[in-house]
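A short worksheet on the structure shown next.
Numbered from 1 within each chain, the chains take letters A, B, ... in sequence-line order. These figures come from a predicted structure and were not determined experimentally.
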Amino acid sequence: MTSILHTTRRTQGNGAYRAADIGRQVAVYGWVQAYRHHGGVVFVDVRDRTGFVQIRCESDRAAVHALALSLRPEWVVAATGKVISRGANVNPKIPTGEVEVEVDGLEVLSEAQTPPFEIKDGVHANDDLRLQYRYLDLRRPELNRNFAARSQVTQLTRKYFIDNGFLELETPILTKSTPEGARDYLVPSRIHPGQFYALPQSPQQFKQLFMMAGMDRYMQICRCFRDEDLRADRQPEFTQLDLELSFATREELYELMEGYVAFVWKQFLGVEVPLPLRRMTYAEAMDNYGCDKPDLRFGLPLTDLTETLRGQTEFRPFVAALEAGGLVKALAIADGAAFSRKDLDVTFPQEAAAHGAKGVAWARIAAAGEWSGPVAKSLSPELRAALQDRLGAAEGALVLFVADKPAVANAALARLRLVVGERLNLLDKNRWAFLWVTDFPMFEYDEAEGRWAAMHHPFTSPRPDHLERLERDPGAVLAQAYDLVLNGTELGGGSIRIHQSDVQAKVFRLLGLSDDQIRAKFGFFVDALQYGTPPHGGIAFGLDRMMMLLVGADSLRDVIAFPKTARATCLMSEAPCTVEPKQLAELHIAAAN
RNA sequence: GGAGUGGUAGUUCAGUCGGUUAGAACGCUGGCCUGUCAAGCCAGAGGCCGCGGGUUCAAGUCCCGUCCGCUCCGCCA
């Protein structure tokens with residue numbers, strides 16, 4: 001018997017069947033989603049990635065009917081037949097519910113073991129099981145859709161940038177290890193004993209070299225690798241939309257990227273993103289939200305009460321923090337009643353403690369001047385009035401205070417702000433709060449190493465008006481660096497680069513690199529800078545994170561086809577793994593234990 | 001490196017103060033069933049309670065260790 005596969009091509013995706021198809025002779029291919037036996041008639045839902053359609057196998061076709069009775073979930077089948085109306089039995093709950101296929105030919109293309117979990121939306125197995133059987137998890141409509149969406153968005157991305165004059169160029173995967181930044185994944189060289197390639201953390205230097213090479217506008221959708229610990233929004237390998245352009249200022253780059261997100265949001269979601277996007281300096285973000293990627297889907301800004309409180313209260317934690325040069329900041333929540341004593345005593349302190357805070361002081365405002373809570377008795381009526389005024393807090397409000405070193409107070413309150421926002425249901429997945437955070441500091445002091453470190457990377461250009469501060473006061477130099485933030489997630493970051501070799505040399509020196517080190521690590525790059533470098537800048541954009549937000553996923557794992565676990569393993573393939581001693585010998589390396 | 005949390009049937013979970021034979025739902029197997037579509041009805045099979053040690057007359061339950069998943073801190077230019 002000749003297989004249906006060889007005689008009749010698949011007519012269309014199974015999810016596409018509609019009333020307009022009635023009367024067509026068709027071929028349906030796919031997986032058995034479900035079957036319902038009624039003795040004389042068997043209904044089977046046949047699924048592919050476009051959806052599913054019901055086929056009907058009647059007992060008057062004995063062979064078809066007998067075979068239909070034997071079908072089991074996830075078997076792969078082919079069926080031919082005629083599309084007919086379901087008449088009075090239309091199912092309005094499914095897109096293909098008006099029709100069914102009356103089967104005249106049925107074939108099992110592949111049988112399946114009972115899967116370890118049901119292939120259905122809403123049926124969630126544990127993460128480890130899902131990862132072990134990733135190919136089955138991906139078969140679930142929900143995940144299947146995520147990857148169709150991802151394909152669509154990468155196509156939109158290419159179209160937008162190519163239409164804007166960009167060249168799609170490739171950069172090496174086997175490249176050179178660089179100091180600073182994330183830990184590199186290393187690849188031993190067989191040909192050069194004792195030497196190693198590194199996988200790229202990003203194609204940073206190569207894309208700048210493209211600018212020096214006159215490529216003008218470069219884009220790439222590229223894989224990047226960082227050997228650091230994972231998070232829900234961090235995988236060891238991830239996909240970056242990488243861009244660089246010459247002869248452009250920050251403004252031009254903002255415009256370009258704003259056009260890009262507006263294009264993707266419009267084409268993919270049908271959502272208009274109002275332009276220009278909001279902007280905020282790093283300093284403003286830290287002051288008002290305690291972090292450099294504030295979620296602006298809701299308000300709840302932080303208020304700095306340091307000067308209001310200084311010398312005005314004996315409350316020990318406040319006094320101690322102020323004496324140590326710290327600050328007191330607070331979060332005023334209008335709907336204080338939404339939070340219980342348990343939140344105040346357990347949840348909030350725990351969250352704050354994770355960021356190093358020793359505690360969270362709180363006060364409830366029953367009416368003007370009528371405060372309760374552990375801090376209240378240490379605050380005079382005048383001080384209460386001043387605080388209420390500064391906080392804009394009315395009756396019914398709850399105020400959370402954290403007094404600590406600036407970094408700790410900010411981090412703890414930024415976290416509390418998110419916890420509160422989540423509890424008040426302010427994190428609407430259908431709201432899109434884009435934000436440029438600009439003017440990052442060039443350097444931050446690394447206490448452990450006792451030296452300055454680049455906050456972004458060492459090729460970032462200082463603001464031109466801050467050049468003279470480079471040697472005098474490195475901590476005060478602001479960079480021409482920017483992050484694009486969406487709903488509290490850092491989508492991308494970039495900068496205008498240094499294109500003058502003398503400035504680049506100064507920055508390297510400031511970072512504590514000797515001439516020898518500069519030569520060894522960046523020699524080719526420093527040389528290249530001296531052969532006519534156009535002013536240029538760019539951005540790297542996390543495509544996985546953008547997809548996560550676009551499809552409403554909670555984890556990067558739902559938009560990366562074959563992701564790693566929190567311990568950077570692949571539960572399906574069992575990578576990483578040991579290798580044959582022979583392989584190690586060829587690479588001139590030995591395992592340490 | 002650290003903190004939290006989870007691991008019980010194929011799956012998702014429940015399992016009281018440590019107590020007799022470890023349950024439910026879904027799934028699976030068999031049967032019935034001609035309009036189901038989360039099909040229904042009947043019957044059945046299915047357990048190393050993550051692993052190792054300890055306490056106890058007795059451990060899924062308590063203690064210690066360990067492995068694995070997840071979340072977070074550190075880390076991530």
Side-chain angles (χ1 to χ4, degrees), chain A residues 33-46 52-60 65 69 72-74 84-94 96-97 100 102 113-133 136 178-184 201-202 204-205 224-236 238 347 350-357 408 411-412 415 418-419 440-444 446 448 452-460 479 481 490 493-495 507 511 540 542 554-555 557 564-567 569 571:
Chain A
Q33 170 82 50
Y35 51 85
R36 293 173 289 279
H37 294 176
H38 290 269
V41 63
V42 179
F43 299 104
V44 184
D45 293 337
V46 181
F52 67 88
V53 66
Q54 173 170 290
I55 65 173
R56 192 179 80 178
C57 306
E58 285 272 1
S59 56
D60 53 7
H65 184 254
L69 283 173
R72 291 294 179 270
E74 302 310 316
I84 59 172
S85 167
R86 291 208 202 174
N89 302 301
V90 161
N91 183 351
K93 285 186 284 189
I94 58 175
T96 59
E100 63 191 351
E102 189 173 39
Q113 287 185 28
T114 301
F117 49 85
E118 290 179 73
I119 313 299
K120 267 184 186 175
D121 280 346
V123 176
H124 283 264
N126 269 338
D127 287 323
D128 48 355
L129 200 70
R130 292 176 55 196
L131 289 171
Q132 187 187 344
Y133 296 94
L136 296 180
T178 55
E180 308 235 353
R183 193 176 296 117
D184 286 319
Q201 299 171 23
S202 83
Q204 183 60 37
Q205 289 168 66
C224 301
F225 307 85
R226 295 178 189 177
D227 188 3
E228 297 292 347
D229 287 349
L230 286 74
R231 292 286 187 277
D233 64 351
R234 268 167 33 192
Q235 282 274 309
F238 59 99
T347 310
Q350 272 177 1
E351 295 287 351
H355 293 268
V408 170
R415 176 68 204 150
L418 284 179
V419 170
F440 283 78
M442 272 290 280
F443 307 103
E444 52 194 345
D446 185 333
W452 292 99
M455 192 154 176
H456 188 53
H457 58 57
F459 314 108
T460 300
E490 181 195 328
S495 62
V507 170
L511 295 172
D554 293 317
S555 168
R557 282 185 292 271
K564 304 283 190 293
T565 66
R567 292 189 65 245
T569 65
L571 294 179

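Minimum interatomic distance between A/V53 and A/T96 (heavy atoms only, all atoms of both residues): CA-OG1, 3.8 Å. Heavy-atom minimum distance, A/T460 versus A/A479: CG2-CB, 3.6 Å. A/L511 and A/P458 make their closest contact through CD1-CB, 3.5 Å (heavy atoms, listed as atom of the first residue, atom of the second, distance).
When the P atom is used for both B/A14 and B/C73, the distance is 27 Å, rounded to whole Å. Comparing the P positions of B/U8 and B/U12 gives an interatomic distance of 7 Å, to the nearest angstrom. For the C1' atom pair drawn from B/G47 and B/A22, the interatomic distance equals 8 Å after rounding to whole Å. Spacing between B/C64 and B/A59 at atom C1', rounded to whole Å, works out to 15 Å. Straight-line distance between the P atoms of B/A3 and B/G15: roughly 27 Å, to the nearest whole Å. Comparing B/C70 with B/C32, their C1' atoms are spaced 45 Å from each other, to the whole Å. B/A39 and B/G27 have their P atoms separated by 7 Å, with the value rounded to a whole Å. Across the P atoms, B/U11 and B/G54 are found 29 Å apart, a figure rounded to whole Å.
Residue A/S59 is classed as a base contact, given a heavy-atom separation below 4.0 Å to a base. The residue A/E58 sits close to a base: some heavy atom pair falls under 4.0 Å. Using a 4.0 Å heavy-atom criterion, one finds that A/L230 contacts no nucleic acid atom at all. The residue A/D127 sits close only to the backbone: its heavy atoms come under 4.0 Å of sugar-phosphate atoms, none of a base. Nucleic acid contact class of A/R183 (heavy atoms, under 4.0 Å, all strands): none. No contact: A/T460 has no heavy atom under 4.0 Å from any strand. A/E490 comes within 4.0 angstrom of nothing in the nucleic acid, heavy atoms only. Using a 4.0 Å heavy-atom criterion, one finds that A/R557 contacts the sugar-phosphate atoms exclusively.
Proximity of a side-chain donor or acceptor of A/Q33 to a complementary backbone N or O of A/Q54 within less than 3.5 Å is not detected. With hydrogens and angles ignored, the 3.5 Å screen pairs no side-chain donor or acceptor of A/R130 with any backbone N or O of A/A125. Judged purely by atom type and a 3.5 angstrom limit, A/Q235 uses its side chain to pair as donor or acceptor with the backbone of A/K564. At distances below 3.5 Å, at least one donor-acceptor pair connects side-chain atoms of A/R234 with backbone N or O atoms of A/D229. A donor-acceptor pair under 3.5 Å is formed between the side chain of A/S85 and the backbone N or O of A/G87. Remark: the backbone N or O of A/G39 is paired with a side-chain donor or acceptor of A/H65 at under 3.5 angstrom.
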Quick tally for nucleotides 24-32 of chain B: nucleotides whose base has a protein heavy atom under 4.0 Å get B, sugar-phosphate-only ones S, the rest -, giving --SSSSS--
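A 6.0 Å sphere centred on CZ of A/F225 holds more than 12 heavy atoms belonging to other residues, nucleotides or ligands.
Each of A/Q54 and A/T565 has a nearest nucleotide on RNA chain B; the 5'-most of these lies closest to A/Q54.
Nucleotide B/G69 is matched to B/U5 when pairs are restricted to Watson-Crick or G-U wobble geometry with both distances under 3.5 angstrom. With both pairing distances under 3.5 Å, B/U21 is matched to nothing as a Watson-Crick or G-U wobble pair. With a 3.5 Å ceiling on both atom-pair distances, the Watson-Crick or G-U wobble partner of B/G52 is B/C64. The partner of B/A38 is absent, by the rule that a Watson-Crick or G-U pair needs both atom distances under 3.5 Å. A 3.5 Å limit on both hydrogen-bonding distances identifies B/C28 as the Watson-Crick or G-U partner of B/G44. Under the Watson-Crick or G-U wobble criterion, with both distances below 3.5 Å, B/A14 is left unpaired in every strand shown.
Considering only side-chain atoms of A/S555, the nucleotide from B/C33, B/U71, B/C72 that sits closest is B/U71. Considering only the side chain of A/A566, B/C70 comes nearest among B/C76, B/C73, B/C70. Of the candidates B/U34, B/C70, B/C75, the closest approach to any side-chain atom of A/V41 belongs to B/U34. The side chain of A/A125 approaches B/U11 more closely than any other nucleotide in the set B/C73, B/U11, B/A38. Nearest to the side-chain atoms of A/L129 among the listed nucleotides B/C73, B/U36, B/U11 stands B/U11. With distances taken from any side-chain atom of A/L131 to the nucleotides B/C70, B/C75, B/C37, the minimum falls on B/C70.
One interatomic measurement links the two molecules: OH of A/Y133 to P of B/G69, which rounds to 16 Å at whole-angstrom precision. If you measure from atom CG of A/D45 to atom C1' of B/A39, you get 11 Å, rounded to the nearest angstrom.
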Item checked: A/F238 vs A/R226, side-chain contact (heavy atoms from CB on, under 4.5 Å): CA-CA, chis, key distance, verdict -> CA-CA 9 Å; A/F238 59 99; A/R226 295 178 189 177; 3.7 Å; yes
For A/F443 and A/V507, run side-chain contact (heavy atoms from CB on, under 4.5 Å): C-alpha distance rounded to whole Å, both residues' side-chain angles, the deciding distance at 0.1 Å, then the answer. CA-CA 10 Å; A/F443 307 103; A/V507 170; 4.2 Å; yes
Requested in this report: Begin from the C-alpha positions of A/L136 and A/E74 and carry the test side-chain contact (heavy atoms from CB on, under 4.5 Å) through to its verdict.
Outcome: CA-CA 10 Å; A/L136 296 180; A/E74 302 310 316; 5.8 Å; no
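Remark: A/R415 is not in phosphate contact with B/C72, judged by side-chain N or O atoms under 4.0 Å from OP1 or OP2. In this structure, A/T96 does not reach the B/C37 phosphate: none of its side-chain N or O atoms is under 4.0 Å from OP1 or OP2. Put simply, A/R36 has a side-chain N or O that comes within less than 4.0 Å of OP1 or OP2 on B/A39. Dashed line: the shortest gap from a side-chain N or O of A/R567 to OP1 or OP2 of B/C67 is not under 4.0 Å.
A donor-acceptor contact under 3.5 angstrom links the side-chain atoms of A/R234 to the base of B/C76.
Residue ring and base: A/F43 counts as stacked with B/U36 (centre distance below 5.5 Å, interplanar angle below 30°).
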Write down the protein N/O and nucleotide N/O pairs, taken from nucleotides 3-9 of chain B, whose separation is under 3.5 Å; answer none if there are no such pairs.
none

